[in-house]
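Below is one structure, written out as structure tokens, with a few remarks after it.
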Amino acid sequence: PDGVVAMVRTPAAAARLAAWGGPVVDTAANLADLPFARVHLDGAAVGRVAAEHLPGAGARRFAFVGDRSTPAGRDALAGFAGRLKEFGHD
């Protein structure tokens with residue numbers, strides 16, 4: 001390929017892509033200081049929007065299922081829990 005869009009989740013994957021030498025866009029945003037362009041979601045906004053949607057869809061009890069070891073997962077949880085708290089849910 002001439003270019004790659006990749007979810008770069010491990011140092012080994014980052015090293016392979018860097019050694020390849022072509023242009024890479026990382027969509028995972030799991031690792032810091034990568035030499036690649038990065039495109040990712042605003043995890044906190046994703047969590048907030050989900051928290052706004054679920055009560056309107058009839059949900060009254062909530063759970064977060066996600067990877068809390070990643071920045072995106074932590075941000076989504078924070079946005080989700082924060083918005084639910086604003087709405088009076090614990």
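Numbers here simply count residues along the sequence, with the first being 1.
With sequence neighbours excluded, the residues forming a side chain to side chain contact (heavy atoms under 4.5 Å, CB included) with Arg68 are Phe64, Leu77, listed by chain and number. Under the side chain to side chain contact (heavy atoms under 4.5 Å, CB included) criterion, Ala63 pairs with no residue at all, not counting sequence neighbours. The side chain to side chain contact (heavy atoms under 4.5 Å, CB included) search around Ala51 returns Phe80, Arg83, Leu84, not counting sequence neighbours. A search for ring-ring contact (aromatic ring centres under 6.0 Å, His included) contacts involving His40 returns nothing, not counting sequence neighbours. In this view, Asp67 and Ser69 satisfy the side-chain hydrogen bond (donor to acceptor under 3.5 Å, both in side chains) rule, not counting sequence neighbours. Applying the side-chain hydrogen bond (donor to acceptor under 3.5 Å, both in side chains) test to Arg38 and every residue at least two apart in sequence or in another chain returns Asp26. Taking Arg48 as the reference, nothing meets the side-chain hydrogen bond (donor to acceptor under 3.5 Å, both in side chains) condition, with sequence neighbours excluded. Considering only residues two or more places apart in sequence or on other chains, Ala59 meets the side chain to side chain contact (heavy atoms under 4.5 Å, CB included) condition with Leu54, Phe62.
Between the side chain of Arg60 and the main chain of Pro55, a donor-acceptor pair closer than 3.5 Å is present.
Grouping Ile, Leu, Val, Met, Phe, Trp and Tyr by side-chain contacts under 4.5 Å, direct or through others, puts Val8 with Val4, Leu17, Trp20, Val24, Leu31, Leu34, Phe36. Other residues sharing a hydrophobic cluster with Val46 under the 4.5 Å side-chain heavy-atom criterion for ILVMFWY residues are Leu41.
The structure places CE of Met7 at 4.5 Å from OG1 of Thr27, a figure rounded to the nearest 0.5 Å.
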